[in-house]
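Have a look at the structure below before the remarks.
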Amino acid sequence: MNPILKVLLVILLILVVVFVVLYFLGRKMQKKQAEQQATMDAVAQNLSLYIIDKARLKPAEANLPKIVVDSIPKYMRRFKLPIAKVKAGPRIMSLICDEQVFAQILPKQEVKATVSGIYITSAKRIRGPIPEPKKKKKFLDRFRKKTAEAAAADTTNKKNSSKKDKKGK
């Protein structure tokens with residue numbers, strides 16, 4: 001048997017094993033997530049919140065309860081979480097937001113929110129329009145904008161030069 005064929009066969013076998021393992025891990029994680037979602041839905045409550053501030057902070061800096069910070073895995077402690085500082089009745093708390101909710105809310109506004117523990121799962125503004133989240137600029141958009149402006153300038157220069165040629169004749 002050709003040695004190259006043997007190497008390809010071994011690589012193919014390894015890939016098949018990896019895909020099978022990932023498939024079963026994915027199914028297990030999917031079941032786990034469905035259970036967690038059911039638990040979150042069971043303990044969810046609707047509250048009226050006043051958003052004081054929102055920011056992306058590390059869990060240690062976010063003024064979260066000590067038990068919550070201790071239960072976060074070590075590899076996640078370095079990442080910044082979307083945190084909203086809110087006033088619910090007389091209490092001021094720091095709550096973790098869903099990414100979509102974090103983009104939707106603005107500081108100094110009142111919202112009706114669905115809160116599950118210390119996690120804001122949805123929010124609806126009480127007064128005024130819903131703000132549209134800012135679009136993130138991509139790296140290449142800067143260059144595309146410049147090239148579009150340059151192309152527009154070229155067409156205006158051509159129009160101006162053609163008008164001068166017509167006047168000069």
Side-chain angles (χ1 to χ4, degrees), residues 15 18-156:
L15 286 175
V18 167
F19 282 127
V20 168
V21 168
L22 287 175
Y23 174 76
F24 285 111
L25 283 176
R27 285 185 51 192
K28 184 177 178 183
M29 297 289 272
Q30 212 171 19
K31 288 178 186 175
K32 196 176 198 181
Q33 192 224 2
E35 291 172 6
Q36 289 173 348
Q37 188 65 39
T39 305
M40 285 181 66
D41 291 342
V43 297
Q45 7 176 324
N46 291 327
L47 298 175
S48 180
L49 303 174
Y50 179 74
I51 309 296
I52 297 170
D53 192 21
K54 71 173 193 171
R56 291 191 178 277
L57 300 170
K58 293 182 181 178
E61 301 167 353
N63 199 18
L64 295 172
K66 178 131 177 74
I67 194 163
V68 172
V69 174
D70 292 341
S71 68
I72 295 174
K74 290 192 190 268
Y75 67 91
M76 286 293 293
R77 292 181 188 176
R78 295 186 307 252
F79 294 113
K80 293 184 177 183
L81 300 173
I83 304 289
K85 188 173 183 183
V86 300
K87 183 175 182 183
R91 294 183 61 197
I92 295 176
M93 312 179 258
S94 294
L95 301 175
I96 301 170
C97 292
D98 190 38
E99 285 294 334
Q100 294 170 343
V101 173
F102 187 75
Q104 196 177 43
I105 61 174
L106 291 174
K108 301 195 178 21
Q109 74 176 6
E110 194 171 346
V111 297
K112 286 272 187 191
T114 304
V115 179
S116 182
I118 62 164
Y119 193 72
I120 302 174
T121 56
S122 69
K124 190 181 284 187
R125 224 174 141 178
I126 293 176
R127 294 182 197 93
I130 296 173
E132 293 186 24
K134 296 178 184 176
K135 293 182 180 177
K136 291 184 179 180
K137 292 184 178 179
K138 295 180 181 174
F139 178 72
L140 295 177
D141 285 346
R142 286 187 254 162
F143 301 112
R144 288 182 188 140
K145 190 175 184 180
K146 288 179 184 176
T147 55
E149 289 173 0
D154 286 342
T155 56
T156 55

Does Arg125 use its side chain to pair, donor to acceptor, with the backbone of Ile105 at less than 3.5 Å? no
Is there a side-chain contact between Glu99 and Pro82 in this structure, where contact means two heavy atoms from C-beta onward sitting under 4.5 Å apart? yes
Using a 3.5 Å distance criterion without hydrogens, assess whether the side chain of Thr121 forms a donor-acceptor pair with backbone atoms of Thr114. yes
Would you give the length of the straight line joining atom CG of Asp98 to atom OG of Ser122, rounded to the nearest 0.5 angstrom? 9.0 Å
Can you confirm whether Leu81 sits close enough to Pro59 that some side-chain heavy atom of one is under 4.5 Å from a side-chain heavy atom of the other? yes
Measure the spacing between CZ of Phe102 and CG of Leu95 and express it to the nearest 0.5 Å. 12.5 Å
Over 12 foreign heavy atoms within 6.0 Å of CD, Glu61: yes
Can you tell me how far apart CE (Met40) and CD (Gln33) are? Round to the nearest 0.5 Å. 10.0 Å
Compare all side-chain heavy atoms of Arg27 with those of Tyr23 and state whether any distance is below 4.5 angstrom. yes
Distance (rounded to the nearest 0.5 Å) between Ile92 CD1 and Asp53 CG: 11.5 Å
Distance in Å, Leu57 CG paired with Ser94 OG, rounded so as to fall on 0.5 Å steps: 8.0 Å
Do side-chain atoms of Arg77 reach the backbone of Asp70 as a donor and acceptor pair under 3.5 angstrom? yes
Verdict with supporting geometry, Val115 and Leu49, side chain to side chain contact (heavy atoms under 4.5 Å, CB included): CA-CA 10 Å; Val115 179; Leu49 303 174; 4.1 Å; yes
For residues Glu110 and Ser48, is any side-chain donor paired with an opposing acceptor at under 3.5 Å? yes
Return the CD to NZ distance between Gln104 and Lys124, rounded to the nearest 0.5 Å. 9.5 Å
In this structure, are over 12 heavy atoms from other groups packed under 6.0 Å from Ile67 atom CD1? no
Going through the checks in order, is the side chain to side chain contact (heavy atoms under 4.5 Å, CB included) test met by Gln109 and Tyr50? CA-CA 6 Å; Gln109 74 176 6; Tyr50 179 74; 5.9 Å; no
Considering only heavy atoms from C-beta outward, does the side chain of Ile96 approach that of Leu64 to under 4.5 Å? yes
Does NZ or CZ of Lys58 fall inside the cone over Phe79's six-membered ring, less than 6.0 Å from its centre and within 45° of the axis? no
Val111 and Val101, any side-chain heavy atoms less than 4.5 Å apart: no
